[in-house]
> 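Got a structure for you, questions after.
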Amino acid sequence: MGRQDSGQNSAQTPADVIVVGAGPVGLTLAAELARHKVRCRILEKAAAPSLYCRALGVTPRTLEVYEDMGVVRAMIDAGLWFEGLCLAVDGAPARTIAPDLSDLPYGMIGIPQPVTERILTAHLAGFGIEVERGVAVNGLVQAGEKVRLDLVGPDGREDFAHARFVVGCDGAHSFVRHALGIPFEGDAFPYPFMLGDVHLGFPGDLKPARGIALRLMRLREDTAPDMFIAIPLPEHGRYRVSMLAPEYLAAAGSGEAHGIQSERPGPSLADIQAVADRIAPGEIVVDDLRWSSQFRISMRLAARYRDGQVFLAGDACHIHPPTGGQGMNTGIQDAYNLAWKLALVMRGKAPASLLDSYEAERRPVAEDVIARTVAESVNIGGSGGARDRLADTQIRVSYAGLAGAALVGGAAAPEGLPGDRLPVAGDRAPDALGLRRRGVGAPLRMFQLLRGTDFVVVVAVETPGALVAAEALGARLAESGLPVRVVAVAPAGASLADPYKVSLVADEAGAFAATYGLGAGEAVLVRPDGYLAWRGHAEQVVAALRQVAGAG
């Protein structure tokens, strides 16, 4: 559609990438692009931030992403650690299921989405980028290596903007996806749900400990179980509750009901109390309703994540049941995956073909999440005791074996060493504690050494000669023109002089050796998003780096 140039666009900061949508996914992407030195704009059609807690749970893997971004402390300070689940089925005595995640860098935490957005917006402002609110996109045209967006501002003024790339992070009803004509196929559960932010009192014996969620069920034949699910919020006594919507409420109103902010009427305090009374008589008092919503749970996946110079991320390309709190976290990790690839391409360090690996890596993850959360939602009345403790942590997300992934296989991990399976190309680079660096009083973690926007080569060294070789490797890698650093890890007690332009640490606790299983002179190549791209002998890492980036 044609638009008159109002001249307003010329006053905007030039952008290499325009991000459409300022939820957690769009904010993460914009902040990561800025951290990678890419100029971007972020547009949001809503005039003000939402007060709705559409997403709450934050997985251990997302907290690792937040650590790399530099916002993890603010997030943790604002959240409440999830300590477990109190489950009661058909009036049987309640029991608490509390998976032990103490061996991970982080546990599972609850952070209301408005708080997440507030922290990420402030973080983004630190890069000099403000969310452009009240700006709606109502046209998208691609021409060669440019994308034109037709915009309508908060005052109704029509404008346009150009960028090399556009990323639609604009939710389940994504304008960007519709404009591209990308199918969003799937189904919806046959029954609606209702949701509310309330205060709960427990006059009986049911009161859970702080950080414990409630799942109260009454099973019914040939239909969904009657349920009352309460997820604790950081404020004392406050919960986000969800349950099936009664027929009279489901029949009211009109319009599509997917999403927290639907056109259908939300439940009243009395509607929510009625469910609590039916499932746990006399045990729960519901009051102080802040907001409520009626919605349907859908399972949909975009047929593709990219069309030319335009990409999709987050709910714009995948939606599924909220079981396990996977949705927002999957979207944030979409953004984290895409940002470093766009940055390398924009800076001329990698060809545009590297961007094909985004869909190759992230779409299978969403497929798996949809399949798993649908299965768990169907079995929501089950015992809940046999699940893998890491199932919802996203720690085990791996790109290993995926065609088109930005990986080089390299050597296989050796067998028979302590600990779990050793990481291979495509796996998350694990943390390792107890690393010591000369002149630093406190022990370090591997994540501290990996943090940043570079590739990192981690090489095992034992002798002065091996350290000299690591220095030479660093010099050769610098010649590649790609952002890369070298970390050398020596065994405890090794007497090695400080190297030049190589970070040398000692594996005093032996955790690195047990976790990575590298022999002398072997190395791993860690991508900017914290996934292993390759493992093998250090002499081969230069070729591996160029192959991963598509520059070789």
Side-chain angles (χ1 to χ4, degrees), residues 60-61 63-70 72-73 76 101-107 395 413-414 417-424 427-475 477-478 483-539 541:
R61 178 56 189 160
L63 287 175
E64 293 177 357
V65 171
Y66 286 159
E67 178 180 349
D68 186 45
M69 292 175 64
V72 72
R73 185 180 68 179
I76 290 173
L101 302 179
S102 59
D103 57 332
L104 302 180
Y106 299 101
I395 293 296
L417 290 177
D420 294 333
R421 178 179 69 83
L422 295 169
V424 298
D427 291 346
R428 155 190 171 269
D431 203 3
L433 307 181
L435 303 174
R436 287 284 184 175
R437 190 169 190 181
R438 184 177 285 111
V440 178
L444 303 176
R445 301 162 51 219
M446 180 54 67
F447 278 1
Q448 291 173 280
L449 299 169
L450 297 179
R451 181 178 172 183
T453 58
D454 297 334
F455 288 90
V456 181
V457 176
V458 183
V459 58
V461 299
E462 295 184 357
T463 65
L467 193 56
V468 170
E471 289 181 314
L473 173 63
L477 287 166
V484 60
R485 297 181 285 110
V486 177
V487 172
V489 184
S495 180
L496 299 175
D498 282 339
Y500 178 63
K501 290 190 175 180
V502 171
S503 301
L504 174 64
V505 293
D507 187 19
E508 292 289 347
F512 173 80
T515 303
Y516 282 81
L518 295 180
E522 292 182 337
V524 291
L525 174 62
V526 183
R527 305 187 328 185
D529 61 353
Y531 283 84
L532 297 189
W534 168 90
R535 69 178 292 153
H537 197 278
E539 292 179 355
V541 72

> With a 4.5 Å limit on heavy-atom distance, are the side chains of Met446 and Pro430 in contact?
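Counting from C-beta outward, Met446 and Pro430 never come under 4.5 Å.
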
> Where do Pro60 and Gly107 come nearest, in terms of heavy atoms and distance?
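Smallest interatomic distance, heavy atoms only, reads CG-O, 3.4 Å.
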
> Identify the two heavy atoms, one from Glu508 and one from Gly493, that lie closest to each other, and give their separation to 0.1 Å.
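Closest approach of Glu508 to Gly493: OE2-N, 4.3 Å.
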
> Kindly give the heavy-atom pair with the smallest separation between Glu522 and Gly517, and that separation in Å.
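Closest approach of Glu522 to Gly517, heavy atoms only: OE1-O, 4.2 Å.
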
> For Phe455, give me all partners under ring pair (Phe, Tyr, Trp, His ring centres under 6.0 Å), at least two apart in sequence or on another chain.
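Phe455: ring pair (Phe, Tyr, Trp, His ring centres under 6.0 Å) contacts with Trp340.
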
> Output every pair passing side chain to side chain donor-acceptor pair (under 3.5 Å) with a member in residues 486-498, not counting sequence neighbours, ordered by first then second residue.
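Listed once each, the pairs are Arg438-Asp498.
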
> Which pairs pass ring-ring contact (aromatic ring centres under 6.0 Å, His included) with one or both residues in residues 429-449, sequence neighbours excluded?
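Applying ring-ring contact (aromatic ring centres under 6.0 Å, His included) to every pair that reaches into residues 429-449, excluding sequence neighbours, yields nothing.
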
> Among all residues two or more places apart in sequence or in another chain, which pass the side chain to side chain donor-acceptor pair (under 3.5 Å) test with Ser102?
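Counting only residues at least two positions away or on another chain, Ser102 forms a side chain to side chain donor-acceptor pair (under 3.5 Å) with Asp100.
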
> Show every ring-ring contact (aromatic ring centres under 6.0 Å, His included) that has at least one partner inside residues 485-510, sequence neighbours left out.
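Checked against ring-ring contact (aromatic ring centres under 6.0 Å, His included) - neighbours excluded - no pair reaches residues 485-510.
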
> Is any side-chain heavy atom of Val487 closer than 4.5 Å to a side-chain heavy atom of Ser503?
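Yes - at least one pair of side-chain heavy atoms lies under 4.5 Å apart.
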
> Show your working on side-chain contact (heavy atoms from CB on, under 4.5 Å) between Leu518 and Arg535 and close with a plain yes or no.
CA-CA 9 Å; Leu518 295 180; Arg535 69 178 292 153; 3.3 Å; yes

> Identify, with sequence neighbours excluded, every residue that meets salt bridge (Lys or Arg N to Asp or Glu O under 4.0 Å) alongside Arg61.
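Scan of Arg61 (salt bridge (Lys or Arg N to Asp or Glu O under 4.0 Å), adjacent residues dropped) gives Glu64.
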
> Using every non-hydrogen atom in the two residues, find where Ala490 and Leu504 come nearest and quote the distance to one decimal.
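Nearest pair, atom of Ala490 first, then Leu504: CB-CD1, 4.3 Å.
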
> Arg436: what forms a salt bridge (Lys or Arg N to Asp or Glu O under 4.0 Å) with it, not counting sequence neighbours?
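Partners of Arg436 under the salt bridge (Lys or Arg N to Asp or Glu O under 4.0 Å) test: none.
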
> Please name all residues satisfying side-chain contact (heavy atoms from CB on, under 4.5 Å) with Ala429, sequence neighbours left out, ordered by chain then number.
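Partners of Ala429 by the side-chain contact (heavy atoms from CB on, under 4.5 Å) criterion, ordered by chain and then number, come out as Leu450, Tyr516, Val526, Leu532.
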
> Are there over 12 heavy-atom neighbours, none belonging to Glu539, within less than 6.0 Å of that residue's CD?
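No, because the 6.0 Å sphere around CD of Glu539 holds 12 heavy atoms or fewer from other groups.
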
> Can you name the nearest heavy-atom pair linking Leu63 to Val72, along with the distance?
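Scanning both residues, the minimum pair turns out to be O-CG2, 3.6 Å.
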
> With the side chain counted from C-beta on, respond yes when Val486 and Lys501 share a heavy-atom pair under 4.5 Å apart, and no when they do not.
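No, too far: nothing below the 4.5 Å cut-off.
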
> Just to verify, what does Arg445 make a side chain to side chain donor-acceptor pair (under 3.5 Å) with, not counting sequence neighbours?
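Residues passing side chain to side chain donor-acceptor pair (under 3.5 Å) with Arg445: Glu67, Asp431.
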
> Check for a donor-acceptor pair, side chain of Asp68 on one end and backbone N or O of Val65 on the other, with a separation under 3.5 Å.
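No; judged by distance alone, with no hydrogens or angles, the pair does not exist.
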
> Who pairs with Ala466 by side-chain contact (heavy atoms from CB on, under 4.5 Å), at least two apart in sequence or on another chain?
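Per chain and number, Ala466 pairs via side-chain contact (heavy atoms from CB on, under 4.5 Å) with Val461, Thr463.
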
> List in chain and number order the residues that pass side-chain contact (heavy atoms from CB on, under 4.5 Å) with Pro464, two or more places apart in sequence or in another chain; answer none if no residue qualifies.
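Residues passing side-chain contact (heavy atoms from CB on, under 4.5 Å) with Pro464: Leu496.
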
> Applying salt bridge (Lys or Arg N to Asp or Glu O under 4.0 Å), name anything that partners Asp529, two or more places apart in sequence or on another chain.
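With neighbours one apart ignored, the set is Arg527.
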
> So, for Gly519 and Ala460, which heavy atoms are closest and what is the spacing to 0.1 Å?
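Nearest pair, atom of Gly519 first, then Ala460: O-CB, 3.4 Å.
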
> Which of these passes side-chain contact (heavy atoms from CB on, under 4.5 Å) with Val484: Val456, Val457, Asp454?
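Single pass found, and it is Val457.
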
